[in-house]
**Student:** 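Below you will find the structure I want to go over with you.
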Amino acid sequence: MTPESEGFTAGPHAATMPDLTGKVVLVAGAAGAAGPPTLAALVAAGAQVVAIDNDAARLDPVVAAVGEAFEPAAATADVAGRVTGVVVDLLDEEATRAAITAVADEHGRIDGLFHLVGGWRGGKGIVESDLADWDVMQNLLVRTLQHTSRACHDALVASGGRLAIVSTPQAQQPGAKNASYAAAKAAAETWALAVADSFGDSGAAVVILQVKALLTDAMKADRPDRRFPGYTHVDDVAAHLVRLWESPADSSNGTRQCLIP
């Protein structure tokens, strides 16, 4: 999936996004569905963006396309943002910490961590499901978040930054056939809320965005006859993420924000 297939451009984002000039924002899982529009929105808002993924073959085209989309504007004062890519296995805590420390050393700060690492496994029921699905989900949705949030924690406290994850109401309302997925999402939310408590009154904030499912332009093109009720477009997720600094930390830290239309 390329950024072009997701239909992002420089113009619409630049016209509607807040000014994030000077902020350094990390996007983990940047090659996933919500990654490209989030990168584009952040660059349009003026942020210095670090796109993180574990697969260079997926990440490099995304970073290149976002950079090319904004290259003319970035040469002017209208858009100050840039995007760079970092390939790292987020299941390796030592490598994750080293990569994020290098970003902090280079830029002198980290203002945001948008943890968009996702994944899904269905199930057949409590007894029938394969518990190997839990291992996959816990690694993707929980372990990667633990590693990135621990590596960014002190820098986010210092900057009064923002940490955000994308979750689902299934974390609070699980079904028997999605037990592993829902349990992992619930664990990720619990970890995020614990980080929010750790942030205290530092000015940093953790926000949990809840969606039923993500929708991309490619999905709509593939199924023009389908309405996708309750799905949230990835552009709407991106727009919400870049506005997180507009709300004071004391009113947003530890909140769940529903983006289900």
**Student:** Any non-hydrogen side-chain atom of F114 less than 4.5 Å from a side-chain atom of L163?
**Tutor:**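 SC-SC contact between F114 and L163 ruled out.
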
**Student:** Are the charged groups of K220 and D222 less than 4.0 angstrom apart, N to O?
**Tutor:**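 Salt bridge absent between K220 and D222.
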
**Student:** Measure the spacing between CG of N178 and CE of M137 and express it to the nearest 0.5 Å.
**Tutor:**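 If we round to the nearest 0.5 Å, N178:CG and M137:CE are 11.5 Å apart.
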
**Student:** Got P169 and K212 here, is their nearest side-chain heavy-atom distance under 4.5 Å?
**Tutor:**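 No - every pair of side-chain heavy atoms lies 4.5 Å or more apart.
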
**Student:** Are the charged groups of E246 and R243 less than 4.0 angstrom apart, N to O?
**Tutor:**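 Result for this pair is yes, salt bridge flagged.
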
**Student:** Would a 4.5 Å heavy-atom cut-off, applied to side chains only, mark V43 and V66 as touching?
**Tutor:**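 Yes, close enough: below the 4.5 Å cut-off.
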
**Student:** Ignoring hydrogens and geometry beyond distance, is a side-chain donor-acceptor pair present between H153 and S198 at under 3.5 Å?
**Tutor:**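 Yes, a side-chain donor-acceptor pair sits under 3.5 Å.
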
**Student:** Return the minimal non-hydrogen interatomic distance between D53 and A31, and the atom names on each side.
**Tutor:**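 Closest heavy-atom pair between D53 and A31: OD2-N, 3.1 Å.
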
**Student:** Does a side chain donor of either Q172 or E189 reach within less than 3.5 Å of an acceptor in the other side chain?
**Tutor:**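 Short answer, yes.
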
**Student:** In terms of side-chain heavy atoms, does H107 have a donor or acceptor partner in Q48 at a distance below 3.5 Å?
**Tutor:**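 No donor-acceptor contact under 3.5 Å links the two side chains.
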
**Student:** Can you tell me how far CG of L140 sits from NZ of K185, rounded to the nearest 0.5 angstrom?
**Tutor:**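 It is 10.0 Å, given to the nearest 0.5 Å.
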
**Student:** Is it the case that H233 and D217 place a side-chain donor and acceptor less than 3.5 Å from each other?
**Tutor:**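 Side chains of H233 and D217: pair found under 3.5 Å.
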
